[in-house]
Amino acid sequence: MKISDKPKKTKTGQYSTNEETLLKYSEHEIVGKILEFRQIMKLKSTYVDALPELINPRDNRIHTTYMQAVASTGRLSSQNPNLQNIPIRTERGRAVRKAFIPSSDSRVILAADYSQIELRLMAEMSQDPAMLEAFESGEDIHSATAAKVFDVDPSEVTRNMRDKAKMVNFGIIYGISAFGLGQRLGISRTEASELIENYFKLYPGVKAYMDGSIELARKNGYVETLLKRRRYLSDINSRNATVRGFAERNAINAPIQGSAADMIKVAMIKVDAIFRKEGIKSDMILQVHDELVFDAEKSELEIIRPIIEREMREAMPELKVPIKVDMDTGANWLEAH
DNA sequence: CGTGTCACG
DNA sequence: ACGTACGTGACACGT
């Protein structure tokens with residue numbers, strides 16, 4: 001349509017048509033139509049059409065395969081079908097999630113998920129006093145961060161300030177860069193740099209931990225999780241700054257993401273052991289990185305709720321940072337959230 | 001089979 | 001000057 005003089009191209013020279021690029025031309029009515037069409041086709045092809053084809057005739061259920069040696073951080077991955085990317089963010093997507101229901105009338109779906117697990121592990125592994133205090137006092141971590149970074153009273157924190165602080169917190173876990181944060185927040189690199197600088201003043205232990213992780217990777221060639229799972233980083237001393245930067249962000253992210261993976265795996269093993277020993281009939285059916293999903297007998301709910309909550313929370317009993325587990329039940333997976 | 005896109009944590 | 005926030009899997013499409 002010759003909308004732009006200098007259309008954005010992909011790495012291989014084709015016109016970019018991803019959502020972020022199209023939204024720069026949102027004044028053209030075709031943009032919204034294309035994005036809505038894409039969303040519907042994605043949901044239809046990936047879920048609505050595909051999932052019924054994967055029903056096992058022996059039990060009329062869908063079974064995923066969990067892979068334990070794919071993700072380099074120690075997470076599980078899920079394939080054929082991937083049940084770790086069932087939609088939840090849009091209304092049409094949520095309609096798909098509603099289709100995941102209990103196996104009989106005597107059951108409900110129970111979902112239990114770790115609250116802010118990766119940020120809590122950042123607090124634990126860095127032993128940063130202010131971040132530990134924020135979790136120990138039970139405050140909303142993103143609001144608490146916003147209040148301090150923007151230097152306002154906690155009651156004065158706006159939605160916008162909290163959203164920004166949340167993005168910085170996520171960025172920290174990913175091995176932050178001013179460029180990446182700026183892009184996410186739609187602000188300049190300079191502004192993003194100032195935000196990060198304020199953040200590190202607030203949480204100096206986090207900064208020291210991040211630098212230490214990179215240092216350790218340089219010295220040993222790998223980083224490790226709380227349970228000593230290693231991620232080797234052969235590019236950590238690369239002369240190519242882009243390649244090296246990638247490895248440095250991995251050095252920060254892998255111990256955090258990987259320790260969360262260690263922790264939920266321990267919880268799964270312990271929950272399974274207790275369920276067996278106690279003759280529990282309810283079934284642990286899904287793991288989605290920080291969440292466990294159960295096909296639960298209503299008559300067993302009062303027994304299993306505290307078991308699941310405790311075993312997830314205490315999977316690593318030596319932690320100083322408090323661990324919080326949220327839990328709910330419903331007639332389908334969506335309602336259980 | 002590679003690329004681009006988009007679904008999730 | 002370049003090129004970047006972490007980890008995945010599935011689908012459509014072109015080669």
Side-chain angles (χ1 to χ4, degrees), chain A residues 8-22 34-51 53-54 64-90 92-94 96-97 111 113-119 121-122 166-185 189 192 195-196 210 213 223 231 233 235 240-261 264 286-293 333 337:
Chain A
K8 186 163 185 288
K9 301 280 189 70
T10 68
K11 202 186 324 178
T12 52
Q14 306 189 60
Y15 292 118
S16 292
T17 69
N18 65 16
E19 184 168 357
E20 187 189 350
T21 304
L22 290 186
I34 290 170
L35 292 176
E36 185 177 22
F37 176 83
R38 285 234 185 107
Q39 180 196 60
I40 291 168
M41 291 308 289
K42 183 76 168 191
L43 295 174
K44 181 170 186 291
S45 60
T46 306
Y47 306 101
V48 179
D49 293 340
L51 291 178
E53 298 296 316
L54 294 168
T64 188
T65 299
Y66 282 111
M67 308 299 289
Q68 294 211 71
V70 172
S72 43
T73 54
R75 276 188 174 183
L76 301 184
S77 74
S78 162
Q79 62 176 219
N80 191 30
N82 181 358
L83 294 185
Q84 292 179 321
N85 74 342
I86 298 303
I88 195 169
R89 290 172 187 171
T90 68
R92 286 191 185 96
R94 286 192 280 276
V96 171
R97 188 167 281 236
D113 64 283
Y114 284 112
S115 165
Q116 309 290 355
I117 186 63
E118 292 188 355
L119 219 45
L121 288 172
M122 176 59 91
K166 183 177 174 181
M167 281 295 158
V168 181
N169 278 330
F170 267 102
I172 289 296
I173 292 164
Y174 296 155
I176 203 159
S177 75
F179 180 94
L181 179 66
Q183 184 153 306
R184 272 299 176 112
L185 288 178
R189 269 201 315 289
L195 217 52
I196 293 169
M210 292 170 66
S213 283
V223 290
R231 176 162 185 179
L233 295 166
D235 292 332
N240 180 323
T242 304
V243 171
R244 188 175 63 248
F246 207 166
E248 288 173 351
R249 292 192 295 279
N250 285 156
I252 294 161
N253 174 261
I256 302 294
Q257 191 180 123
S259 294
I264 196 168
L286 291 174
Q287 188 256 44
V288 192
H289 309 307
D290 64 355
E291 172 186 15
L292 297 178
V293 182
W333 193 4
H337 255 98

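Here the structure is a predicted model, which is why all the values come from computation and not from measurement. Each chain gets a letter, A, B and so on, in the order the sequences are listed, and its residues count up from 1.
- In this structure, A:Glu118 reaches neither bases nor backbone, as no heavy-atom distance under 4.0 Å exists between it and the strands shown.
- Between A:Asn250 and C:dG7 there is a side-chain N or O to OP1 or OP2 distance below 4.0 Å.
- Here the P atom of nucleotide C:dC11 and the CD atom of A:Gln39 are 18 Å apart, to the nearest Å.
- Remark: the backbone N or O of A:Gln287 is paired with a side-chain donor or acceptor of A:Gln84 at under 3.5 angstrom.
- Using a 4.5 Å heavy-atom cutoff, the side chains of A:Trp333 and A:Val293 are in contact.
- Residue A:Gly171 is in base contact, counting any heavy-atom pair closer than 4.0 Å across all strands shown.
- Using a 4.0 Å heavy-atom cutoff across all strands shown, A:Arg231 reaches sugar-phosphate atoms only and no base atom.
- The backbone N or O of A:Tyr66 sits nowhere less than 3.5 Å from a side-chain atom of A:Ser78 that would complete a donor-acceptor pair.
- Within 4.0 Å of A:Ala50, counting heavy atoms only, lie sugar-phosphate atoms of the nucleic acid but no base atom.
- The shortest non-hydrogen separation linking A:Ile173 to A:Asn253 is O-ND2, 3.1 Å.
- For the segment residues 72-79 of chain A, the set of residues with a heavy atom within less than 4.0 Å of an atom of DNA chain C comprises A:Ser72, A:Thr73, A:Arg75, A:Ser77, A:Ser78, A:Gln79, in numerical order.
- For the P atoms, the distance linking C:dA5 with B:dC6 amounts to 16 Å, nearest Å.
- Using Watson-Crick or G-U wobble geometry with both donor-acceptor distances under 3.5 Å, C:dA12 finds its partner in B:dT3.
- For the pair A:Met41 CE and C:dA10 C1', the interatomic distance rounds to 14 Å; values are reported in whole Å.
- Of all heavy-atom pairs spanning A:Ala260 and A:Leu121, the tightest one is N-CD1, 3.3 Å.
- Classification of A:Glu20 and A:Lys8 as a salt-bridged pair fails, no side-chain N sitting under 4.0 Å from a carboxylate O.
- If you measure from atom CE of A:Met67 to atom C1' of C:dT8, you get 12 Å, rounded to the nearest angstrom.
- Summarising the local packing, CZ of A:Arg38 is surrounded by more than 12 heavy atoms from other residues, nucleotides or ligands at distances under 6.0 Å.
- Among the protein residues, A:Asn85 comes within range of the nucleic acid bases, having at least one heavy atom under 4.0 Å from a base atom.
- Nucleic acid contact for A:Ile252: none, since no nucleic acid atom lies under 4.0 Å from a heavy atom of the residue.
- Distance noted for atom C1' between C:dC2 and B:dA7: 30 Å (whole Å).
- If you measure from atom OH of A:Tyr174 to atom P of C:dT8, you get 13 Å, rounded to the nearest angstrom.
- The residue A:Arg89 sits close to a base: some heavy atom pair falls under 4.0 Å.
- Using a 4.5 Å heavy-atom cutoff, the side chains of A:Asp235 and A:Arg244 are not in contact.
- Remark: C1' of C:dC2 and CZ of A:Arg189 are 11 Å apart, rounded to the nearest angstrom.
- The distance from atom CE of A:Met167 to atom C1' of C:dT4 is 17 Å, rounded to the nearest whole Å.
- Contacts between chain A and DNA chain B, taken as any atom within less than 4.0 angstrom of a protein heavy atom, begin and end at B:dT3 to B:dG9.
- Base engagement by A:Ile176 is indicated by at least one non-hydrogen atom pair under 4.0 Å involving a base atom.
- For the pair A:Thr64/A:Asn82, no side-chain contact is recorded, criterion being any heavy-atom separation below 4.5 Å from C-beta on.
- Using a 4.5 Å cut-off on side-chain heavy atoms (C-beta onward), A:Arg97 and A:His337 make contact.
- Using a 4.0 Å cut-off, no side-chain N or O of A:Arg249 falls inside it from OP1 or OP2 of C:dA5.
- Under the Watson-Crick or G-U wobble criterion, with both distances below 3.5 Å, B:dG9 is paired with C:dC6.
- Distance alone, capped at 3.5 Å, is enough to place a donor-acceptor pair between the A:Ser45 side chain and the A:Met41 backbone.
- In this entry the distance linking NZ of A:Lys166 with C1' of C:dA5 reads 16 Å, nearest Å.
- Summarising the geometry, the separation between CZ on A:Arg244 and P on C:dT4 is reported as 15 Å, rounded to the nearest angstrom.
- The separation of C:dT4 from B:dT5, taken at their P atoms, amounts to 14 Å, rounded to a whole angstrom.
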